[in-house]
Amino acid sequence: MDRETHEGDEYRYLGNVHIIPVTSPEIAREFLKKQDATFATRPITMGTEYSSRGFLSVAVAPLGDQLKKMRRVVASELMSPSRLRWLLGKRSEEADNLVRYIYNQCIENNTTSDVGGVVNVRTVSRMYSGNVIRKLMFNLRYFGEGRKDGGPGVEEEEHVQELFNVLSLLYAFSIADFMPSLRWLDLDGHEKRMKKASKIVNSYHDPIIDERIKQWRSAEGNRFINKKEPEDLLDVLISLKDANGNPLLSIEEIKAQSADLIYASVDNPSNAVEWALAEMINQPEILRKAAEEIDRVVGKDRLVQESDFPRLNYVKSCAREAFRLHPIAPFNLPHVAVEDAVVAGYSIPKGSQVLLSRTGLGRNPEVWDEPLKFKPERHLDGSGEQVVELVENDLRFISFSTGRRGCMGVPLGTSMTVMLLARLLQGFSWSVPPGESVGLSESSHDLFLAKPLCALAKPRLPVHLYPAV
């Protein structure tokens, strides 16, 4: 919906549900800022029911006591600034592993007289994202043995693939979500696919969680038997106490929220960085500017750390531009009206679903000059005093959303995205493989690159800076 909508065209109907797409930042702010409370619930869908074990976790739960409970847990116990500082060492370890893995690929896949190799950037980006959240949640890099070069084993590859399968089905259009009486027919096959994917994901998570709960709680699960200090986010979830000193969360709540955090962490950083690097390789001047900024701020005698991020404004502008031009999905997670409302002069009936268009906002020609061109400079004000942030509070594009149902892990998502891009740019020179080209076409069925980015990487730092095993 925007101000150009003609009378009678402002809604689209699916079954008995009003669907309202939004491409205007001004109207998006009306929904998610001025009248945020009115649009703060989520629809009930087959996909979200499976992913959240019956709406036990925070991201997709409708309004109610369960949402309030899990929001408090995530905000105060899992994603607080002090908790993120506590987890810094684990994130840094995985950033080092990323550099080591790519360096080993350069050596092993040497295709030129110089040390260098063709690297699948999608694989390493998703591997890094999976490793970070796996380390924070379970204190594990691998479910199996992994690989000697630091890369993912078959278990991690399957885990990440099924995470993406679940994510692709969360809000995929399904007629049964709008006509629930037809759900038993599974006309589009979504429920069968979701059931399979979530079962595989849970098969990796559940044994770890069950074993850890045994270390903390009695066999009945209703009292604590261990007073050890938490070592990761799973320990934190298990060790939370209610007002009477008893376990705050049930086993199912722990499993649901653990999966929720993992789902929320793997796709956005990896997609943004793959697209950013593809665009930068096709515009070498941008690539050069970003690498020069890192060299100026960090130098070549140590690796980028999170403490460097405030001064890496051009690198962050490249990430912002990737979020703007190449969002992870066509629409943001749906918002549902809890009562009748009037927004920008339009009557919005209770139960309407509001879909903020990520592509419509980020590529809106009334907001952005040359909207289809990758131009990081558009995010810099030229003052030299600016500190660029990845979140876009004015909703001119959507990176992590905003408002009551906005992403609660913005600092974590930011650190993962900036670290991934900065380490790739600092550690390696990137170019088109001989005789090939880097295409910028979107996939026919999602917004990922149509073909995974495979680029020639060459180490650009002293050998001793590439972490050993």
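The figures here come from the full heavy-atom set of this structure, side chains too, leaving out hydrogens, waters and symmetry mates. Nothing here was measured: the structure is a model prediction, and the numbers come from that model.
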Next on the checklist: K375: which residues meet the salt bridge (Lys or Arg N to Asp or Glu O under 4.0 Å) condition with it, sequence neighbours left out?
Outcome noted: D369, E370
Next on the checklist: Nearest 0.5 Å, please: how far is CE in M280 from CD in E321?
Outcome noted: 11.0 Å
Checklist entry - Say you draw a straight line from OG of S352 to OH of Y346; how long is it, rounded to the nearest 0.5 Å? => result 14.0 Å
Item to check | Counterpart residues, ring-ring contact (aromatic ring centres under 6.0 Å, His included), relative to W216 (two or more places apart) | outcome: none
Item to check | Any D177 side-chain heavy atom under 4.5 Å of P43 side chain | outcome: no
Checklist outcome for this item: Closest non-hydrogen contact found for S24 with N364 is CA-ND2, 4.4 Å
Checklist entry - Should R363 and R358 be marked as a side chain to side chain contact (heavy atoms under 4.5 Å, CB included) after you check the CA-CA gap, both sets of side-chain angles, and the distance that decides it? => result CA-CA 8 Å; R363 302 174 187 178; R358 288 176 179 256; over 6 Å; no
Checklist entry - Does R42 reach the main-chain N or O of A59 with its side chain, forming a donor-acceptor pair under 3.5 Å? => result yes
Item to check | Distance (rounded to the nearest 0.5 Å) between M179 CE and L185 CG | outcome: 10.5 Å
Checklist entry - Between H190 and F173, is a ring pair (Phe, Tyr, Trp, His ring centres under 6.0 Å) present by the stated rule, with each step listed? => result CA-CA 9 Å; H190 285 185; F173 174 74; 8.2 Å; no
Next on the checklist: Tell me if a side-chain donor or acceptor on R53 pairs with a main-chain N or O of E252 at a distance below 3.5 Å.
Outcome noted: no
Item to check | Donor-acceptor contact present, side-chain K316 to main-chain T414, <3.5 Å | outcome: no
Checklist entry - Can you tell me if Y50 uses its side chain to pair, donor with acceptor, with the backbone of L170 under 3.5 Å? => result no
Next on the checklist: Between D394 (side chain only) and P25 (backbone N and O only), is there a donor and an acceptor less than 3.5 Å apart?
Outcome noted: no
Item to check | Closest contact, heavy atoms only, D186 versus K192 | outcome: OD2-N, 3.1 Å
Next on the checklist: If you apply the rule side chain to side chain donor-acceptor pair (under 3.5 Å), what do you find for N165 with E162, and how did you get there?
Outcome noted: CA-CA 5 Å; N165 287 341; E162 297 305 330; 3.1 Å; yes
Checklist entry - For H335, what residues pass the ring-ring contact (aromatic ring centres under 6.0 Å, His included) criterion, not counting sequence neighbours? => result none
Checklist entry - Could you go step by step and tell me if L56 and K255 meet the side chain to side chain contact (heavy atoms under 4.5 Å, CB included) rule? => result CA-CA 9 Å; L56 295 178; K255 290 178 176 178; over 6 Å; no
Next on the checklist: So that I can tick it off, tell me whether D232 and R212 are bridged by a salt bridge, with the cut-off set at under 4.0 angstrom between side-chain N and carboxylate O.
Outcome noted: yes
Checklist outcome for this item: Those residues at least two apart in sequence (or on a different chain) that pass side chain to side chain donor-acceptor pair (under 3.5 Å) with Q66 are E253
Checklist entry - Are any of the side-chain heavy atoms of L67 and R405 separated by less than 4.5 Å? => result yes
Next on the checklist: The test is side chain to side chain contact (heavy atoms under 4.5 Å, CB included); show your working for M127 and N131 and say whether it passes.
Outcome noted: CA-CA 6 Å; M127 179 272 297; N131 279 0; 3.0 Å; yes
Checklist entry - Between R193 and S168, which heavy-atom pair has the shortest distance, and what is it? => result NH2-OG, 4.5 Å
Next on the checklist: What I'd like to find out is whether the side chain of L234 reaches to under 4.5 Å of the side chain of M137, using heavy atoms alone.
Outcome noted: yes
Next on the checklist: Suppose we screen for ring-ring contact (aromatic ring centres under 6.0 Å, His included). Which residues come up paired with Y263, at least two apart in sequence or across chains?
Outcome noted: none
Checklist entry - What is the ring orientation for W368 with F397, classed by angle as parallel under 30°, tilted 30 to 60°, or perpendicular over 60°? => result tilted
Checklist outcome for this item: What one should report as the nearest heavy-atom pair of L356 and A28 is CD2-CB, 3.8 Å
Item to check | Heavy-atom pair with the smallest gap, counting every atom of P269 and L420 | outcome: O-CD2, 4.0 Å
Next on the checklist: I'd like to know if the side chain of S203 reaches the main chain of I200, judged simply by a donor and an acceptor atom lying under 3.5 Å from each other, with no hydrogens or angles considered.
Outcome noted: yes
Checklist entry - With a distance cut-off below 6.0 Å to the six-membered ring centre and an angular limit of 45° from the axis, does R141 pair with Y101 as a cation-pi contact? => result no
Checklist entry - Do Q386 side-chain atoms and D381 backbone N/O form a donor-acceptor pair below 3.5 Å? => result yes
Checklist entry - Going through the checks in order, is the side chain to side chain contact (heavy atoms under 4.5 Å, CB included) test met by R91 and E94? => result CA-CA 5 Å; R91 295 196 299 276; E94 293 312 320; over 6 Å; no
Checklist entry - Does the side chain of D260 pick up a donor-acceptor pair with the side chain of Q257 at under 3.5 Å? => result yes
Item to check | Minimum heavy-atom distance A61-F55, with the two atoms named | outcome: CB-O, 3.9 Å
Checklist entry - Side-chain contact, heavy-atom cut-off 4.5 Å: R126 with V266? => result no
Next on the checklist: Holding to side chain to side chain donor-acceptor pair (under 3.5 Å), I want the full list of residues that pass it with K33, two or more places apart in sequence or in another chain.
Outcome noted: none
Item to check | Heavy-atom donor-acceptor pair, T41 side chain to V336 backbone, under 3.5 Å | outcome: no
Checklist entry - Residues two or more places apart in sequence or in another chain: which of them pass salt bridge (Lys or Arg N to Asp or Glu O under 4.0 Å) with R217? => result none
Next on the checklist: With heavy-atom distances below 4.5 Å as the criterion, would you say the side chains of L421 and C318 are in contact?
Outcome noted: yes
Checklist outcome for this item: Residues at least two apart in sequence or cross-chain that pass salt bridge (Lys or Arg N to Asp or Glu O under 4.0 Å) with K241, listed by chain then number, are none
Checklist entry - Can you name the residues that form a ring-ring contact (aromatic ring centres under 6.0 Å, His included) with F39, not counting sequence neighbours? => result F31
Item to check | Results of side chain to side chain donor-acceptor pair (under 3.5 Å) for N246 - residues two or more places apart only | outcome: none
Item to check | Whether W275 side chain and L447 backbone form a donor-acceptor pair below 3.5 Å | outcome: yes
Next on the checklist: What I want to check is whether the side chains of S174 and D188 have a donor and an acceptor closer together than 3.5 Å.
Outcome noted: yes
Next on the checklist: If you define the side chain from C-beta out and look only at heavy atoms, does anything of N268 sit under 4.5 Å from F323?
Outcome noted: yes
Item to check | Any residue meeting salt bridge (Lys or Arg N to Asp or Glu O under 4.0 Å) with D267, in chain and number order, not counting sequence neighbours | outcome: none
Item to check | Listed partners of K228 passing side chain to side chain donor-acceptor pair (under 3.5 Å), at least two apart | outcome: Q215
Checklist entry - Do the non-hydrogen side-chain atoms of S441 and K451 ever get within less than 4.5 Å of each other? => result no
Next on the checklist: Applying side chain to side chain donor-acceptor pair (under 3.5 Å) to N97 and E93, what does each step give before you reach the verdict?
Outcome noted: CA-CA 6 Å; N97 187 59; E93 183 180 340; over 6 Å; no
Checklist entry - Would a 4.5 Å heavy-atom cut-off, applied to side chains only, mark R134 and V160 as touching? => result yes
Item to check | Any donor-acceptor N/O pair, E77 side chain to R72 backbone, under 3.5 Å | outcome: no
